[in-house]
S.K.: 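The structure is given below, and queries will be raised subsequently.
First the proteins, then the strands, lettered A, B, ... as listed; each starts at 1.
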Amino acid sequence: MSKNSLFSKKNKSLLTDPLDDNNPVTVQVLGICSALAITVQLKPAVVMALSVIFVMCVANVVVSLMRNFIPSRIRIIVQLVVIASLVIIVDEVLKAYVYDVSKELSVFVGLIITNCIIMGRLEAFALANSPWESFLDGLGNAFGYGWILIAVAFFRELLGAGTLYGYPVLEKLGVYELGYENNGMMILPPMALVTVGVIIWIQRMRNQKLIETN
Amino acid sequence: MQELANIFIKSIFIDNMVFAYFLGMCSYLAISKTVKTSVGMGLAVIFVLSITVPINYLLVNFVLDKGALVWLGEEFKDIDLSFLSFIMFIAVIASMVQLVEMIVEKFSPALYSSLGVFLPLIAVNCAILGGSLFMQERAYSNITEAVVFGVGSGIGWFLAIVGIAAIREKIRYSHVPPALRGLGITFIITGLMGIAFMSFMGIKL
């Protein structure tokens, strides 16, 4: 750390890799649960992405600061306590300022605790690296998660309900008069899976080296 | 008795953790490459769920809920600790998982090494915490119902992961477009299985 400047090449790649080549959702297969469940509309997805960015950065820094004092036998409990306290803060803030969204997210705010991205990055990165690097890693991964979330929510809300962020885009464009109808299927849970599947498909067509062998 | 059977069937098929709520997807996708490891993982999840849900049920009813502390004395009846439920649930879950990890490491090293990093990750398997949160939200009336719900959700998750693992073993022999291989096709198959499972509650478009 002392040898590197704050934004050395390595640190920059910590930040940018998770956006595409090493995306937490589509490549590392972490944090799928919430990525699917709360993407019916754009607004909860954005709130969720912001919450995860906050929890992830802070948790990474805190665990990285404590990494030399945590006995490996009880590391899981320590990590979870750190995450859970941060999530309680997020939950209380959401309840205070955006109550309707907090109602909509229901148990899924609590489930940020078990969002495997956060836990996975703590295990794989923060336990072995300095706070600043962990912060960048957390930020990068949280953004990588966030953009997938928002992309899925964008298509599901647009195709399923014809609105974006609650604003009736398709109605204003007048496509209903041309005989277009909303695809109610997009709102149902299974279509979230198919949407993510298609995103993965597109990403791997662009980025051939991610293709798996079977 | 009929009540219990209802909860059991409902938590396996209708409110299936994977297909209806997407809980536990991460390990579901990552462990389901072969049937053998997925059976091990599924059993671990059933085991952990059937222990943690009743323990958390007792926690909710005797410590966390409003008025739950009344057994300590009259002056405690207004205390509402439910904002602590996340942290209490996760502490119970994490300690149970650590226990399971030690047991598996001791008695079945082969299973231990094939589960790899995903054994500790059971702690963050959303299905486990989700089980406890749903138990709290649905307010089951006694502990037997909570046990049945825990076991049922575990079995539902087990069925889902074994099903997808069997399909993935066979799909190795089919011609999938290269970019869809592995993860992509698994997502889409899960979507199709989800549509099938939705027929248990009826699809409303």
S.K.: For B:Gly194 and A:Pro190, which heavy atoms make the closest approach, and how far apart are they?
M.R.: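 Heavy atoms of B:Gly194 and A:Pro190 come nearest at C-CG, 3.7 Å.
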S.K.: Taking side chain as everything from C-beta outward and backbone as N, CA, C, O, which of these in B:Met193 sits under 4.5 Å from a heavy atom of chain A? Side chain, backbone, both or neither.
M.R.: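 Interface part for B:Met193: neither.
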S.K.: For B:Tyr28, is it the side chain, the backbone, both or neither that has a heavy atom under 4.5 Å from a heavy atom of chain A?
M.R.: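 When you check distances to chain A, no heavy atom of B:Tyr28 falls under 4.5 Å.
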S.K.: Does atom CZ of A:Phe143 have more than 12 heavy-atom neighbours from other groups under 6.0 Å away?
M.R.: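 At most 12 heavy atoms, drawn from other residues, nucleotides or ligands, come within 6.0 Å of this atom.
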S.K.: When you compare the side chain of A:Ile200 with that of B:Phe187, does any pair of heavy atoms fall below 4.5 Å?
M.R.: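 With C-beta onward as the side chain, the pair touches.
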S.K.: If you round to the nearest 0.5 Å, how far is CH2 of A:Trp201 from CD1 of B:Ile188?
M.R.: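 Output value for this atom pair is 6.5 Å.
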S.K.: To the nearest 0.5 Å, how far apart are CG in B:Leu183 and CZ in A:Arg204?
M.R.: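 Here the interatomic distance stands at 5.0 Å.
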S.K.: Heavy-atom distances under 4.5 Å only: say whether A:Ser85 touches chain B with side chain, backbone, both or neither.
M.R.: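 Contact with chain B: backbone and side chain both.
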S.K.: Please state whether the side chain, the backbone, both or neither of A:Ala192 comes within less than 4.5 Å of a heavy atom of chain B.
M.R.: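 Interface part for A:Ala192: side chain.
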S.K.: Is A:Gln203 in contact with chain B via its backbone, its side chain, both, or neither, using a 4.5 Å heavy-atom distance?
M.R.: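 For A:Gln203, no heavy atom lies under 4.5 Å from chain B.
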S.K.: Could you give the distance from CD (A:Gln79) to CD1 (B:Ile90), rounded to the nearest 0.5 Å?
M.R.: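 Answer for the CD-CD1 pair, A:Gln79 versus B:Ile90, is 11.5 Å.
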S.K.: If you take all heavy atoms of B:Ile87 and A:Ala84, which pair is closest and at what distance?
M.R.: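 Closest pair (atom of B:Ile87, atom of A:Ala84, distance): CG1-CB, 3.7 Å.
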